Number of protein chains: 2
Amino acid sequence: MGATKTEHFTDKQNAIATLTKALGHPARIAIVEYLIKVDTCICGDIVNELPLAQPTVSQHLKELKNAGLIKGSIEGNSICYCIDEKAISKLQSYFANISIKLEKKNNCC
Amino acid sequence: MGATKTEHFTDKQNAIATLTKALGHPARIAIVEYLIKVDTCICGDIVNELPLAQPTVSQHLKELKNAGLIKGSIEGNSICYCIDEKAISKLQSYFANISIKLEKKNNCC
DNA sequence: ATTTAATATTGCAATATTACGATAAAGACT
DNA sequence: AGTCTTTATCGTAATATTGCAATATTAAAT
């Protein structure tokens with residue numbers, strides 16, 4: 001025991017949970033917000049921006065990448081990280097859809 | 001070390017991370033989706049719906065409640081859990097806002 | 001007052017996450 | 001080749017999460 005029982009849930013539920021889990025840390029929210037704010041997106045800049053050591057930032061970037069939220073491309077000897085719009089789009093439509101469903105409901109509590 | 005350095009991030013970043021973290025588990029996604037689907041929302045129903053033991057479900061409900069995503073009101077000897085629309089609304093507008101910002105940007109990668 | 005039903009809490013084992021120093025890897029620049 | 005810069009990986013300690021059996025709590029029903 002101790003590990004998440006992924007196999008008992010639907011693919012869609014797991015997919016959304018993967019995205020929200022990846023965003024479930026303030027450092028990773030900060031990274032995403034930084035990538036949206038700036039025009040360049042060099043990894044080193046992100047390290048400078050965050051109050052965390054370089055290996056920690058690298059690890060957070062890896063998790064965002066694994067979840068599909070960002071993508072990185074090699075740019076000389078540094079790496080350019082960017083938001084993957086598809087992932088954000090999924091989240092956006094997911095919560096928009098929930099909002100619509102909630103509006104139609106009379107919440108009992 | 002090992003604990004999240006919450007104090008180094010903004011309140012807003014922490015607030016969003018709290019919400020996304022709470023949703024970062026397929027069981028909790030399933031709970032939220034179930035609460036939206038049904039009209040009644042008694043805890044026992046949720047336990048029957050999920051492939052997890054009652055204490056585990058209770059714990060997930062607690063986390064959703066702590067994050068402000070659901071609220072529970074006592075209804076006889078059972079408890080009525082409902083979505084807190086404000087939390088969903090926060091997430092919805094957060095991702096909608098990001099989407100808009102991304103549209104205006106030419107992503108470099 | 002007992003019993004029953006519905007949730008919560010406790011305690012614990014298994015696993016995962018967070019953070020960072022040290023080190024490695026890979027490309028750029030002399 | 002050697003050095004510098006940039007990013008990734010390894011190893012490890014501290015902490016958090018996940019899951020459940022056992023037990024406690026609370027309110028209804030008898």
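Small disclaimer: the values here were computed from a predicted structure and weren't measured. Chain identifiers are assigned alphabetically (A, B, ...) following the order of the sequence lines, protein sequences preceding nucleic acid strands; residue numbering begins at 1 within each chain.
Rounded to whole angstrom, the span from the CD atom of B:Glu63 across to the C1' atom of C:dT9 amounts to 14 Å. The nearest whole Å value for the distance from the CD atom in A:Glu75 to the C1' atom in C:dG27 is 13 Å. Separating the CG atom of B:Asn66 from the P atom of D:dT17 is a distance of 11 Å, rounded to the nearest angstrom. Rounded to whole angstrom, the span from the NE2 atom of A:His8 across to the P atom of D:dT18 amounts to 15 Å. Spacing between atom CD1 of A:Ile79 and atom C1' of C:dA25 amounts to 11 Å, rounded to whole angstrom units. At whole-Å resolution of the value, NZ in A:Lys65 and P in D:dT7 are 12 Å apart. Rounded to whole Å, atom C1' of C:dA19 lies 11 Å from atom CZ of B:Phe9.
Counting non-hydrogen atoms under 4.0 angstrom, A:Gln59 reaches a base of the nucleic acid.
Taking the six-membered ring for Trp and thresholds of 30 and 60 degrees, A:Phe9 and B:His25 have ring planes more than 60 degrees apart, a perpendicular arrangement.
Not counting sequence neighbours, the partners of A:Glu63 by the salt bridge (charged side-chain N to carboxylate O under 4.0 Å, His left out) test are A:Arg28. For B:Lys101, the side-chain hydrogen bond (donor to acceptor under 3.5 Å, both in side chains) partners at least two apart in sequence or on another chain are B:Asn97.
OP1 or OP2 of C:dT7 has not a single side-chain nitrogen or oxygen of B:Lys62 nearer than 4.0 Å. The phosphate of C:dA6 (OP1 or OP2) has no side-chain N or O of B:Ser78 nearer than 4.0 angstrom. Residue B:Tyr81 places at least one side-chain N or O under 4.0 Å from the OP1 or OP2 atom of C:dA8. The phosphate of D:dG19 (OP1 or OP2) has a side-chain N or O of B:His60 nearer than 4.0 angstrom.
To the nearest 0.5 Å, atoms CG (B:Leu69) and CD1 (B:Ile88) are separated by 5.5 Å. Between the CZ atom of B:Phe95 and the OG1 atom of B:Thr20 there is a distance of 6.5 Å, given to the nearest 0.5 Å. The distance from atom SG of A:Cys80 to atom NZ of A:Lys71, rounded to the nearest 0.5 Å, is 10.0 Å. Atom CD1 of residue B:Ile70 and atom CG of residue B:Leu61 lie 5.0 Å apart, to the nearest 0.5 angstrom. B:Leu91 contributes atom CG, which lies 12.0 Å from atom CD of A:Gln92 (distance to the nearest 0.5 angstrom). Atom CD1 of residue A:Ile29 and atom CD1 of residue B:Ile98 lie 7.0 Å apart, to the nearest 0.5 angstrom.
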When the side chains of residues 50-58 of chain B are checked against the rest of the protein, which donor-acceptor pairs come out under 3.5 Å, sequence neighbours left out?
none

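Of the residues in residues 45-56 of chain B, those lying under 4.0 Å from DNA chain D by heavy-atom distance are B:Leu52, B:Ala53, B:Pro55, B:Thr56. Of the residues in residues 12-33 of chain A, not one places a heavy atom less than 4.0 Å from an atom of DNA chain D.
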All N/O contacts under 3.5 Å from nucleotides 26-29 of chain D to the protein, with atom names and distances to one decimal?
none

Would B:Ile100 and B:Glu103 satisfy side chain to side chain contact (heavy atoms under 4.5 Å, CB included), going step by step from the backbone distance to the final call? CA-CA 5 Å; B:Ile100 290 167; B:Glu103 270 171 39; 5.5 Å; no

Test log, rule side chain to side chain contact (heavy atoms under 4.5 Å, CB included), inputs B:Leu64 and B:Tyr81: CA-CA 10 Å; B:Leu64 286 170; B:Tyr81 278 114; over 6 Å; no

